[in-house]
Amino acid sequence: MKNYLSPSILSADFAHLGDDIRRAQEAGTQYLHYDVMDGLFVPSISFGMPVLESVRKITDLVLDVHLMIVDPERYIDEFARCGADIITVHYEACKDIKKTLRAIREKGIRAGVTIKPKTPNSVLADLLDEADMILLMTVEPGFGGQAYIPESTQKIRELRAMLDARGLDTDIEVDGGIKKENLQMVLDAGANVIVAGSAIFKGDIGQNVRDFLEIMEK
């Protein structure tokens, strides 16, 4: 299964967002992670459709949109219109998760489902055939720069085993506290889409991307 790096622009310098994105793209990243927070489902507020539309104009990278918002089905049409390639919604935030995932797919884009660290993998059992990607949060959603929750590694292993048992090669994305020091561990556990924020956008962006990709491409 191919590995993909998805730098989270939540950690970018917004005064120079276009430049930061270009540096990451030129260094070889495949995705960009776009965190949408509404101040309700999570405490923070980030950005919405206009910024995504602007980002779409300057890059052809896969735009990996993570909706940390209440009732995300309200905005699927708009995020699709603004250029999302993947829309991931929280199990905990949807009235009808299957209906929401199907609505995303009907837009011709990939549908992802995500769960918080304290939500058990068991809630995903009936959704494995509905999702193109499953995102396991490895920190509590809402703030960047948190430390990786160690128990997440076992959750990744368990989810990969669940998918293998169904004969599914669904992507497992992980988000939160991923650094060069623990990257190999989460890859070995079964994750293949890696979100990293401060570990990419703080310091030399190009070198950070290359360092991550060197580990991921072994």
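Starting from 1, each residue takes its place in the sequence as its number.
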**Item:** Selection residues 193-218 - residue pairs positive for ring pair (Phe, Tyr, Trp, His ring centres under 6.0 Å), sequence neighbours left out
**Value:**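 Those involving residues 193-218 do not exist here.
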**Message:** Show every ring pair (Phe, Tyr, Trp, His ring centres under 6.0 Å) that has at least one partner inside residues 80-107, sequence neighbours left out.
**Reply:**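 Qualifying pairs, neighbours excluded: F41-H90, H66-H90.
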In terms of hydrophobic clustering (I, L, V, M, F, W, Y; side-chain heavy atoms under 4.5 Å; direct or indirect links), are [X] and [Y] co-clustered?
X	Y	result
V195	M68	no
L10	I58	yes
F47	V55	yes
L127	L159	yes
L124	L168	yes

**Prompt:** Other than Y31, what residues sit in its cluster of Ile, Leu, Val, Met, Phe, Trp and Tyr side chains whose heavy atoms are under 4.5 Å apart, directly or through others?
**Reply:**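 Y4, V62, I86, M133, V193, which link up through side-chain heavy atoms under 4.5 Å apart, make up the rest of the cluster.
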**Asked** How is the hydrophobic cluster of L135 composed, in terms of its other members, when Ile, Leu, Val, Met, Phe, Trp and Tyr link through side-chain heavy atoms under 4.5 Å apart, directly or indirectly?
**Response**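 Other cluster members: M137, V139.
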Looking at side-chain heavy atoms only, is the closest gap between [X] and [Y] below 4.5 Å?
X	Y	answer
L163	I134	yes
V174	I194	yes
T88	L67	no
Q30	L213	yes
I172	T170	no
D20	I205	yes
M49	V36	no
N121	L136	yes

Non-neighbouring partners of [X] that pass salt bridge (Lys or Arg N to Asp or Glu O under 4.0 Å), sequence neighbours left out:
X	value
K202	none
K98	none
R74	none
D13	none

**Message:** Does E214 have more than 12 heavy atoms from other residues, nucleotides or ligands lying within 6.0 Å of its CD?
**Reply:**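 Atom CD in E214 is not crowded, with 12 or fewer foreign heavy atoms closer than 6.0 Å.
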**Item:** Crowding at CG, D96 (>12 non-hydrogen neighbours, <6.0 Å)
**Value:**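 Yes, the 6.0 Å shell around CG holds more than 12 heavy atoms from other groups.
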**Message:** Assess the residue pair N192 and N3 against the criterion (side chain to side chain donor-acceptor pair (under 3.5 Å)); give the C-alpha distance rounded to whole Å, side-chain angles, the decisive distance to 0.1 Å, and a yes or no.
**Reply:** CA-CA 5 Å; N192 71 298; N3 294 328; 5.0 Å; no
From [X] [atom1] over to [Y] [atom2], what is the distance, rounded to the nearest 0.5 angstrom?
X	Y	atom1	atom2	value
I178	S198	CD1	OG	10.5 Å
E106	D77	CD	CG	10.0 Å
C94	E73	SG	CD	5.5 Å
L61	Y34	CG	OH	14.5 Å
K180	I200	NZ	CD1	8.5 Å
T59	Q25	OG1	CD	3.5 Å

**Request:** Any salt bridge (charged side-chain N to carboxylate O under 4.0 Å, His left out) involving residues 148-170? Give me the pairs, sequence neighbours left out, ordered by first then second residue.
**Result:**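 Residue pairs passing salt bridge (charged side-chain N to carboxylate O under 4.0 Å, His left out), neighbours aside: D129-R166.
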**Request:** Provide the full list of salt bridge (charged side-chain N to carboxylate O under 4.0 Å, His left out) pairs with a residue in residues 182-195, sequence neighbours left out, each pair given once.
**Result:**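 For residues 182-195, and leaving out neighbouring residues, there are no salt bridge (charged side-chain N to carboxylate O under 4.0 Å, His left out) pairs at all.
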**Item:** Pairing residues for A111 by the side-chain contact (heavy atoms from CB on, under 4.5 Å) criterion, not counting sequence neighbours
**Value:**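 Once residues adjacent in sequence are excluded, the partners of A111 under the side-chain contact (heavy atoms from CB on, under 4.5 Å) criterion are L101, I104, R105, D132.
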**Item:** Which residues share a side-chain contact (heavy atoms from CB on, under 4.5 Å) with M185, sequence neighbours left out
**Value:**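 Only Y148, T153, N182 meet the side-chain contact (heavy atoms from CB on, under 4.5 Å) criterion with M185.
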**Request:** Answer with yes or no whether the side chains of D175 and S8 bring together a donor and an acceptor at under 3.5 Å.
**Result:**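 Distance-only check fails for S8 and D175.
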**Request:** Decide whether D64 and S6 meet the rule of one side-chain donor and one side-chain acceptor closer than 3.5 Å.
**Result:**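 There is such a pair between these side chains.
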**Asked** Quick one: does E92's side chain have a donor or acceptor within less than 3.5 Å of a partner on K116's backbone?
**Response**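 Yes; at least one donor-acceptor contact below 3.5 Å.
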**Prompt:** For E78 and R81, what are the C-alpha separation, side-chain angles and deciding distance, and is it a salt bridge (charged side-chain N to carboxylate O under 4.0 Å, His left out)?
**Reply:** CA-CA 5 Å; E78 276 298 288; R81 181 188 66 78; 3.0 Å; yes
